[in-house]
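Below is one structure, written out as structure tokens, with a few remarks after it.
Fair warning: this is a prediction, and the values are worked out from it, not measured in the lab. Residue indices begin at 1 and follow the sequence shown.
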Amino acid sequence: MGKMKELLTMKDAFKKRYLLSSMKLIMNSSFIVDKIGSLGKMPPQVETLLNILKKEDGDVEKPVTELPSNISMAIKINAPLKKVFEYVAAPENWSMFVTSLIDIRNVSDNPIKRGMTYDWTYRMIGVNLDGEGKVVEYNKHNKFSLHMGGAFPLREVFRFNGDTNSTTLNLEIQYEVPGKVLGVIANKLVIEKLNKKEAAAVIKKVKDLCEANYT
């Protein structure tokens with residue numbers, strides 16, 4: 001409660017958003033839930049402070065359209081458009097071609113659709129990061145977009161063009177580099193290099209898997 005009240009007077013908007021996001025993750029952690037689960041719900045004082053902070057600071061997470069950094073890559077896959085889309089859009093396959101994605105769980109809908117939510121664990125520079133994801137766009141056999149919230153907002157846009165013989169997959173990654181956090185573990189150029197390497201590895205892995213399965 002003391003820390004929550006301190007956030008009310010904090011002038012650094014980034015630090016306020018970061019600490020609030022961290023506190024929400026802590027309150028939802030399995031350890032905390034197990035230890036104080038008998039309370040049944042969030043204490044009303046905490047809920048009141050959260051509502052005040054959210055009202056003061058707008059939305060804790062930036063809208064996906066405001067993410068400033070962007071990487072885009074494309075690859076041709078010798079497999080039918082329908083098959084490639086169905087493979088890439090299946091949540092159970094994501095950790096097979098996203099090399100740094102450790103786990104996807106608590107998927108709300110499968111097959112996916114707009115508004116579907118899920119929890120994820122991602123490994124960056126030797127650190128495991130947990131968060132929530134959401135499907136923000138979905139157009140069957142054409143395009144879908146995923147938004148991962150948290151301290152490192154990220155949006156992945158998958159676009160598909162092709163026919164019954166081949167598919168062109170375009171992967172666009174939009175992300176934010178919050179310098180005050182990343183300054184502890186890396187710098188912007190390192191993160192940009194890692195994201196480019198990750199994007200190239202993702203589309204190459206999709207190509208290899210789809211061509212092995214469908215050609």
query = Under the salt bridge (charged side-chain N to carboxylate O under 4.0 Å, His left out) criterion, do Arg114 and Asp109 qualify, and how do the steps go?
reply = CA-CA 9 Å; Arg114 188 174 184 274; Asp109 298 280; over 6 Å; no

Residues Val88, Asn93; criterion side-chain contact (heavy atoms from CB on, under 4.5 Å); working and verdict = CA-CA 7 Å; Val88 177; Asn93 294 333; over 6 Å; no

Verdict with reasoning, Glu137 to Arg155, per salt bridge (charged side-chain N to carboxylate O under 4.0 Å, His left out) = CA-CA 11 Å; Glu137 293 178 279; Arg155 185 187 189 192; 2.4 Å; yes

key: Stepwise side-chain contact (heavy atoms from CB on, under 4.5 Å) test for Tyr138 and Ile112   = CA-CA 8 Å; Tyr138 182 80; Ile112 70 171; 3.6 Å; yes

request  = For Thr99 and Glu198, run side-chain contact (heavy atoms from CB on, under 4.5 Å): C-alpha distance rounded to whole Å, both residues' side-chain angles, the deciding distance at 0.1 Å, then the answer.
outcome  = CA-CA 7 Å; Thr99 55; Glu198 177 83 353; 3.0 Å; yes

task = Could you please spell out the steps behind the side-chain contact (heavy atoms from CB on, under 4.5 Å) verdict for Val206 and Ile77?
result = CA-CA 8 Å; Val206 171; Ile77 302 170; 3.8 Å; yes

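The two residues Leu81 and Gly162 make their nearest non-hydrogen contact at CD2-O, 3.8 Å. Of all heavy-atom pairs spanning His147 and Tyr118, the tightest one is O-OH, 4.3 Å. Closest non-hydrogen pair, Val202 versus Val98, comes out as CG2-CA, 4.0 Å. Heavy-atom minimum distance, Phe97 versus Leu209: CB-CD1, 4.3 Å. Considering every non-hydrogen atom in both Tyr87 and Cys210, the closest pair reads CD2-SG, 3.9 Å. Counting all heavy atoms, side chain and backbone alike, Phe160 lies closest to Lys143 at CD1-N, 4.3 Å.
Judged by distance alone, the side chain of Lys134 and the main-chain N or O of Met148 form no donor-acceptor pair under 3.5 Å. A donor-acceptor pair under 3.5 Å is absent between the side-chain atoms of Asp208 and the main chain of Glu211, judged by distance alone. Remark: the backbone N or O of Ala79 is paired with a side-chain donor or acceptor of Thr167 at under 3.5 angstrom. Not a single donor-acceptor pair under 3.5 Å links the side chain of Asn170 to the backbone N or O of Arg159. Here the side chain of Trp94 pairs no donor or acceptor atom with the backbone of Asp103 at under 3.5 angstrom.
For the atom pair Ile71 CD1 and Ile173 CD1, the distance stands at 5.5 Å (nearest 0.5 Å). Between the CH2 atom in Trp120 and the CG atom in Leu154 there is a gap of 8.0 Å [rounded to 0.5 Å]. Note that the CD1 atom of Ile203 and the CG atom of Leu171 stand 6.5 Å from one another [nearest 0.5 Å]. Within the model, atoms NZ of Lys113 and OG of Ser108 stand 7.5 Å from one another, a figure rounded to the nearest 0.5 Å. The distance from the CG atom of Asn142 to the CZ atom of Phe158 is 14.0 Å, given to the nearest 0.5 Å. Lys83 contributes atom NZ, which lies 10.5 Å from atom CG of Asn213 (distance to the nearest 0.5 angstrom).
Residues Asn161 and Thr168 bring no donor and acceptor atom of their side chains to less than 3.5 Å of each other. No donor-acceptor contact under 3.5 angstrom links the side chains of Glu132 and Thr117, judged on distance only. Under the 3.5 Å distance criterion, with hydrogens and angles disregarded, no donor-acceptor pair is assigned to the side chains of Glu156 and Ser145.
When side chains are defined from C-beta on, Lys82 counts as touching His141, because their heavy atoms get closer than 4.5 Å.
Val107 and Ile102 are not part of a single hydrophobic cluster, where members link through side-chain heavy atoms under 4.5 Å apart. Residue Met116 is not grouped with residue Val157 when hydrophobic side chains (ILVMFWY) are merged at heavy-atom distances under 4.5 angstrom, including chains of intermediate members.
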